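First up is the structure itself, then whatever we jot down about it.
Note that ligands are numbered from 1 as they come in the structure, with each ligand's atoms numbered from 1 the same way. Note that the coordinates shown come from a computational prediction; the quantities given were computed from them, not determined experimentally.
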Amino acid sequence: HKIYALEQQYGCGNVVKEKAPRWDLLGVTKLLEFAHHFRSKTALEYTDRLFKIYGNTYMSQILGYRIHFTCDPTNIKHILSTNFADYDSSKLRGHLFDPITPHGIFTVDGPDWRAIRDQLRIQMSNNRRICDLAMFEQQFQTFLQCVPPDGQKFDIQECFISLAIDIQSRFAFGDSIDTLHPCPSPAKKRFAQDLHIIKETIVRDGFRGPLRHLSTKLEFQQSCARARRFIIDYAEREVAKGQSQDSAEGYYLMMGLRDKGADAAQLANQALSILLANDSIATTLSGIFFLLSRHERVVSKLRQTIMEEIGSNPPTYDQLMKIAYLTHVIHESMRFFPVAPLNARTANKHTVLPSGGGLDGSKPVLIRKDDILVFSSWSSHRLEASFGLDPEEFRPERWETLSADVAGFIPFNKGPRLCPGKRYAMIFISYMVVRLLQTFSHVTNYNPGPWVERLSMTLENDNGVLVGLS
Ligand code: HEM
């Protein structure tokens, strides 16, 4: 009765349903098809093709679940902002993250999430305090040691992945994991390996759905236990220090949280959540350099802008904030390679999406409690209606007339669950791009083929990002 009343109230129309064989009432073929594309590294291309066939919002059935796929900016805004309270994140991923961050920000919704989020918001509110440019410079100098001389080929993605974990561990608990270092301590090396196993398992199990129960989890559980112990040791030492006397050691998250009275378990969960989110920086920097290596014009223009506005000295915070073309290059790269190209929520009550229903898709669509909504930023970032007629072109200049708030552009998500590290990440990424282009004037492309998706915790290029810097 409630469903009928809701449909009448909003004038809902039927949503297009993806075709499936008649006998397949549960949607087993769809699951197998999706798993096949995940394995073949064509999941993004496949979902994008389906939007072109069925429209920007359609429904599929997988193992009995009703799954609505959308890349419609109005619907995405509705899910993430306007009707945020009707959708949960934890139901789909809570069980995946629980062994490593029980009560972490990724595993909870509602008031529990709000409390953790508030704790983090207070810490992240002063961007100048948390962006330690002297530390960024140290990390940059260490990074330079990975770059072979004379423009020789190397995998910059692999180096950015190491850089990201080093910078995020400094940010989270005040100590680098030293993955860029030639000889990290055995404990740090083990921790980095454990984090890798944990992320790979979470992603693989997320895509396998109920089929995840078929595989053994021993290695995953052992990695979670070791990684937690490693971080809890840092957290306990931090709590034992008591209140900080001065800020000589520079800001890091555990210190900030401890000063606000958080206990060791809270410190550990927040730090681990940050480390699980760390690949985003690597994905973004790798995407930027993949694209720069194919667009010499953009490299020259960006380098010239940097040299004119900053010169060759390390940039200040204010200088980084001012270079519009740098921001345009970063936005355009994030449009191409969003870190979370496919994301999902579940409806916690009967509700409606504003569009996708009826013959022309303009009517609202009924969403039932427990329906799954998959939203694709991969596809919404490629809509002509939002980005112009050449969405497959890498053209940073399009941002001269576009705002970062343009509908459907969600590299950092939107709404209450907007990435809390957004401003920090933008400064760090800007810093690295500026320093690299101050140091090198050419980015040579050694990648023979196109970008091949690798859906890890974020999006990577399966072939690495092979470039030369000279
Ligand atoms: C270019 C870099 C980054 C990008 C593109 C990015 C993007 C995102 C996106 C899309 C989400 C939403 C995930 C979801 O709801 O499913 C997210 C969440 C989050 N990000 Fe980032 N992120 C970046 C860097 C960072 C950094 C540097 C930090 C921490 C210092 C961070 C911390 C977080 C946390 C804690 C969440 C969970 C927020 C919540 O659920 O309330 N991110 N990020």
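Protein heavy atom nearest atom 23 (C) of ligand 1, with residue, atom name and distance: S280 CB, 3.4 Å. Atom 13 (C) of ligand 1 has as its closest protein heavy atom N343 ND2, 3.9 Å. Of all protein heavy atoms, the one lying nearest to atom 6 (C) of ligand 1 is F412 CD2, 3.6 Å. Nearest protein heavy-atom contact of atom 32 (C) of ligand 1 is A277 CB, 3.9 Å. Looking only at heavy atoms of the protein, atom 31 (C) of ligand 1 is closest to C419 SG, 3.7 Å. Closest to atom 1 (C) of ligand 1 among all protein heavy atoms lies T284 OG1, 3.2 Å. Among all protein heavy atoms, the one lying closest to atom 29 (C) of ligand 1 is I274 CD1, 3.5 Å. Summary of contacts: the protein heavy atom closest to atom 33 (C) of ligand 1 is P420 CD, 3.6 Å.
Remark: among candidates P411, G421, S90, the nearest residue to atom 7 (C) of ligand 1 is P411, based on non-hydrogen atoms. Taking all heavy atoms of M426, Q168, M124 into account, the minimum distance to atom 27 (C) of ligand 1 is reached by Q168. Closest heavy-atom approach to atom 39 (C) of ligand 1 among the candidates M334, Q123, R117: R117.
We find that K301 and E397 are joined by a salt bridge, their nearest charged nitrogen and carboxylate oxygen being less than 4.0 Å apart. Note on K91 versus D370: salt bridge recorded, some NZ/NE/NH1/NH2 to OD/OE distance being below 4.0 Å.
One side chain, E137 or Q141, offers a donor N or O that lies under 3.5 Å from an acceptor on the other. T346 and D88 share no side-chain donor-acceptor pair at under 3.5 Å. In the model, E200 has a side-chain atom that pairs as donor or acceptor with a side-chain atom of S456 under 3.5 Å. Between E309 and Q319, the side chains place no donor N or O within less than 3.5 Å of an acceptor N or O (distance only, hydrogens not considered). For the residue pair S176 / D178, a side-chain donor-acceptor distance below 3.5 Å is found, with atom types taken as modelled. Y317 and N127 form a side-chain donor-acceptor contact under 3.5 Å, judged by distance and modelled atom types alone. A side-chain donor from one of T74 and D72 sits under 3.5 Å from a side-chain acceptor of the other. Side-chain contact check for Y325 and E400: no donor-acceptor pair (N or O, by modelled atom type) lies under 3.5 Å.
Applying the 4.0 Å criterion to heavy atoms of L120 picks out, from ligand 1, the atoms 35 (C). Listed by number with element, the atoms of ligand 1 under 4.0 Å from a non-hydrogen atom of F106 are 36 (C), 37 (C). Taking a cut-off of under 4.0 Å to the non-hydrogen atoms of R417, the atoms of ligand 1 that pass are 39 (C), 40 (O), 41 (O). Contact atoms of ligand 1 toward V339: 5 (C), 7 (C) (distance under 4.0 Å to a heavy atom of the residue). Within the listing of ligand 1, atoms 1 (C) sit less than 4.0 angstrom from a heavy atom of I429. Set against the non-hydrogen atoms of Y424, the atoms of ligand 1 under 4.0 Å away are 27 (C). Using a 4.0 Å cut-off to heavy atoms of A425, the atoms of ligand 1 that qualify are 1 (C), 2 (C), 24 (C).
Test V108, N269, T107 against P102 for side chain to side chain contact (heavy atoms under 4.5 Å, CB included) and you get one pass: N269.
At a heavy-atom distance under 4.0 Å, only side-chain atoms of R345, from C-beta outward, approach ligand 1. Neither the backbone nor the side chain of R114 comes within contact range of ligand 1; no heavy atom lies under 4.0 Å.
Relative orientation of the W378 and F337 rings is tilted, given thresholds of 30° and 60° on the angle between their planes.
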